[in-house]
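Okay, structure first, notes after.
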Amino acid sequence: MANFSKSQVPQFSVEVYQNEFLPEGGREVNAIVTVTSTGGGTTGGIPLADAAPACGAGQGPGAAVVLMVDCSGSMDYPPTKMRNARDATAAAIDTLREGTQFAVVAGTHVAKDVYPGSGRLAVADARTKAQAKEALRKLSAGGGTAIGTWLRLADRLLNSTDVSIRHGILLTDGRNEHESPEDLRAALDSCADRFTCDARGVGTDWEVKEVTGIAAALLGTADIVADPAGLAADFTHMMENAMGKEVADVALRLWTPVGVEIRFVKQVAPTVADLTARRTEANARAGDYPTGSWGDESRDYHVCVLVPEAGIGQEMLAARVSLIMPDPSGAGTPQTLSQGLVRAVWTDDMVASTSINPQVAHYTGQAELAQVIQQGLDARKLGDFDGATAKLGRAVQLASASGNQDTAKLLSKVVDVVDAATGTVRLKAKVAEADEMTLETRSTKTVRVKK
């Protein structure tokens with residue numbers, strides 16, 4: 001979290017890609033909205049009239065991070081796993097920017113703030129980093145796993161201080177066996193929109209849907225670190241990304257005229273995430289969809305609405321998409337950072353009305369790719385090998401057509417590809433558990449549309 005002079009914040013731009021032409025009677029309008037954040041405290045930032053809390057200008061540290069480390073009994077098998085977790089957490093602490101507030105939580109069937117302790121956060125400097133790493137040496141494995149308690153403690157710690165960038169990093173190696181799914185869901189609901197969280201599963205004894213569900217609910221990333229030796233590099237990368245965030249609480253506001261229905265709002269790059277159910281009403285015609293924290297980056301969103309039928313030659317504004325953040329003065333009126341328009345025009349030109357915008361086509365395929373991978377792996381686990389072959393074959397076809405080479409490589413470890421173009425595959429007789437879990441965990445990662 002940078003301290004910006006006279007409150008420079010990243011500049012946001014919104015670009016809308018769509019085919020606005022509909023045939024007579026056509027109702028469905030699709031658009032890809034590309035949001036790009038650039039500048040921050042360097043060049044291209046936009047000045048605000050008053051110092052924005054999101055920037056921390058003149059207000060001390062602008063970011064806080066809590067590292068949640070699984071210390072359950074299974075972390076002792078093999079013994080190197082716990083050591084790798086301690087080393088990875090130490091590497092992440094070394095990556096903290098000076099002035100960032102932080103804490104370390106040891107997670108078992110209960111949660112304990114092992115540094116600095118007593119429900120407080122430390123301010124990162126050479127002394128506190130050394131103290132935190134010394135505290136890590138005392139961590140040992142023992143007990144169960146109740147991730148909801150870890151998240152609730154992280155929430156209390158992160159919200160004990162007046163910063164805008166609040167972030168968690170969570171590591172687990174096992175299933176959440178010492179609390180009910182309802183308890184974890186309740187914890188996620190209470191933490192949603194209060195802090196973001198990256199979640200990692202180490203080894204192969206954890207539940208993919210639990211870890212990816214945590215990241216999805218808290219607008220973070222999820223991944224597998226199959227070999228514990230890779231934890232330090234992964235934790236360092238996660239912390240570097242967290243330290244690159246410059247503004248928090250940015251929302252995608254969708255305004256629609258009377259008569260327009262919203263089918264869905266999804267993030268489609270860099271990962272697929274359905275935001276439709278995350279809407280909070282802003283007023284009678286507009287709703288906000290959370291996007292979390294931003295640094296210098298670009299993301300794509302797919303907006304789909306149904307407009308009222310209209311005759312040839314008619315046109316209308318189908319939706320207005322805005323990027324908003326809370327008013328820095330606290331007056332309550334959000335600040336609009338950028339906006340774009342989604343249009344609908346009815347035409348009798350069949351070529352125009354039946355053309356599919358390349359961005360829309362690409363991300364529709366990427367969303368289907370994520371879906372059929374999940375369906376194929378679920379079918380495989382249930383012994384439905386014909387269904388699994390069909391779904392994973394379709395996944396191979398989509399990955400090949402879109403140039404998603406990373407996903408294609410992961411698929412090739414689960415199926416033998418006969419013909420990628422037609423999606424003809426055979427299920428492998430033996431698949432390493434780590435390969436299957438990696439494919440499932442990374443199934444929502446997408447590639448940008450080819451230029």
Side-chain angles (χ1 to χ4, degrees), residues 12-37 250-283 285-292 294 297-310 312-324 336-347 349-371 398 402 444 446-451:
F12 286 84
S13 64
V14 172
E15 297 174 279
V16 176
Y17 300 93
Q18 66 163 135
N19 175 17
E20 65 265 38
F21 295 106
L22 298 175
E24 185 172 15
R27 297 191 59 203
E28 184 173 286
V29 179
N30 289 275
I32 298 299
V33 179
T34 296
V35 178
T36 303
S37 166
V250 175
L252 195 74
R253 174 166 290 182
L254 187 64
W255 176 91
T256 51
V258 173
V260 172
E261 303 172 34
I262 298 168
R263 284 200 60 203
F264 60 77
V265 177
K266 297 177 181 177
Q267 177 183 287
V268 288
T271 58
V272 177
D274 195 339
L275 302 177
T276 311
R278 303 289 294 269
R279 177 184 173 103
T280 56
E281 300 302 323
N283 54 53
R285 305 263 22 108
D288 295 342
Y289 301 85
T291 68
W294 288 73
E297 59 189 295
S298 183
R299 306 178 199 170
D300 293 330
Y301 299 86
H302 187 170
V303 174
C304 180
V305 298
L306 294 177
V307 296
E309 293 185 17
I312 300 301
Q314 298 290 106
E315 61 179 88
M316 69 174 291
L317 176 62
R320 182 172 63 240
V321 183
S322 305
L323 263 290
I324 63 164
T336 300
L337 302 171
S338 187
Q339 66 178 26
L341 305 178
V342 180
R343 301 172 64 239
V345 180
W346 284 265
T347 180
D349 183 336
M350 289 299 292
V351 174
S353 64
T354 57
S355 174
I356 300 176
N357 176 269
Q359 279 87 350
V360 171
H362 175 81
Y363 285 122
T364 299
Q366 292 290 284
E368 184 188 353
L369 173 59
Q371 182 180 49
L398 289 165
S402 64
T444 59
T446 58
V447 291
R448 306 301 290 267
V449 65
K450 295 178 183 177
K451 299 296 183 184

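What you see is a predicted model; the values in this text were computed from it and never measured. Excluded from the calculations below are hydrogen atoms, water molecules and symmetry mates; all remaining heavy atoms, backbone and side chain alike, are included.
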task: Please step through side chain to side chain contact (heavy atoms under 4.5 Å, CB included) for the pair Phe12 and Val35, ending with a clear verdict.
output: CA-CA 7 Å; Phe12 286 84; Val35 178; 3.9 Å; yes
message: Test side chain to side chain contact (heavy atoms under 4.5 Å, CB included) on Val260 and Val29; report intermediate values, then the result.
response: CA-CA 10 Å; Val260 172; Val29 179; over 6 Å; no
- prompt: Would you say Gln366's side chain and Val447's backbone share a donor-acceptor pair under 3.5 angstrom?
  reply: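 Flag set: sc Gln366 to bb Val447 pair under 3.5 Å.
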query: For Phe264, does its backbone N or O pair with a side-chain atom of His302 as donor and acceptor, under 3.5 Å?
result: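 It does not hold such a pair.
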Give every donor-acceptor pair under 3.5 Å between a side-chain atom in residues 339-346 and any protein atom, sequence neighbours left out.
from, atom 1, to, atom 2, distance (Å)
Gln339, OE1, Ser322, OG, 3.3
Arg343, NH1, Glu20, OE2, 3.2
Arg343, NH2, Glu315, OE2, 3.0
Trp346, NE1, Gly26, O, 3.0

Is any side-chain heavy atom of [X] closer than 4.5 Å to a side-chain heavy atom of [Y]?
{"X": "Val303", "Y": "Leu254", "result": "yes"}
{"X": "Leu252", "Y": "Leu323", "result": "yes"}
{"X": "Tyr301", "Y": "Thr291", "result": "yes"}
{"X": "Arg285", "Y": "Thr256", "result": "yes"}
{"X": "Pro23", "Y": "Thr354", "result": "no"}
{"X": "Asp300", "Y": "Thr446", "result": "no"}

Please name the pair of heavy atoms, one in [X] and one in [Y], separated by the smallest distance, quoted to 0.1 Å.
{"X": "Thr347", "Y": "Ser353", "result": "CG2-CB, 4.0 Å"}
{"X": "Ala269", "Y": "Arg448", "result": "CB-CD, 3.8 Å"}
{"X": "Arg299", "Y": "Pro270", "result": "CG-CD, 4.1 Å"}
{"X": "Trp294", "Y": "Gly292", "result": "CD1-O, 3.6 Å"}
{"X": "Tyr289", "Y": "Thr276", "result": "CE2-O, 3.7 Å"}
{"X": "Glu24", "Y": "Ile312", "result": "CB-CD1, 3.6 Å"}

field: Results of side chain to side chain donor-acceptor pair (under 3.5 Å) for Gln314 - residues two or more places apart only
entry: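 Not a single residue meets the side chain to side chain donor-acceptor pair (under 3.5 Å) criterion with Gln314.
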Residues which pass side chain to side chain donor-acceptor pair (under 3.5 Å) with Ser338, listed by chain and number, not counting sequence neighbours: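 Side chain to side chain donor-acceptor pair (under 3.5 Å) check on Ser338 returns nothing, list empty.
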Leu398 vs Glu368, side chain to side chain contact (heavy atoms under 4.5 Å, CB included): CA-CA, chis, key distance, verdict: CA-CA 8 Å; Leu398 289 165; Glu368 184 188 353; 3.7 Å; yes
- request: State which residues pass side-chain contact (heavy atoms from CB on, under 4.5 Å) with Thr271; sequence neighbours excluded, sorted by chain then number.
  value: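 Testing Thr271 for side-chain contact (heavy atoms from CB on, under 4.5 Å), a comparison that skips the adjacent residues, returns Gln267, Thr444, Lys445.
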- prompt: What pairs of residues pass the salt bridge (Lys or Arg N to Asp or Glu O under 4.0 Å) test when at least one of them lies in residues 349-364, not counting sequence neighbours?
  reply: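 Those involving residues 349-364 do not exist here.
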message: Quick test of your reading: applying salt bridge (Lys or Arg N to Asp or Glu O under 4.0 Å), list the pairs with at least one residue in residues 250-276, sequence neighbours left out, ordered by first then second residue.
response: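 Checked against salt bridge (Lys or Arg N to Asp or Glu O under 4.0 Å) - neighbours excluded - the pairs reaching residues 250-276 are Arg27-Glu261, Glu28-Arg263, Arg253-Asp288.
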message: Let me confirm one number: the CD1-CG distance from Ile32 to Asn357, rounded to the nearest 0.5 Å.
response: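 Taking CD1 in Ile32 and CG in Asn357, the distance rounds to 7.5 Å.
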task: Give, for atom CD of Gln359 and atom CG of Asn30, the distance between the pair rounded to the nearest 0.5 Å.
output: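 CG of Asn30 is found 12.5 Å from CD of Gln359.
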message: More than 12 heavy atoms of other residues, nucleotides or ligands under 6.0 Å from CG of Leu317: yes or no?
response: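 Buried by this count: over 12 neighbours within 6.0 Å.
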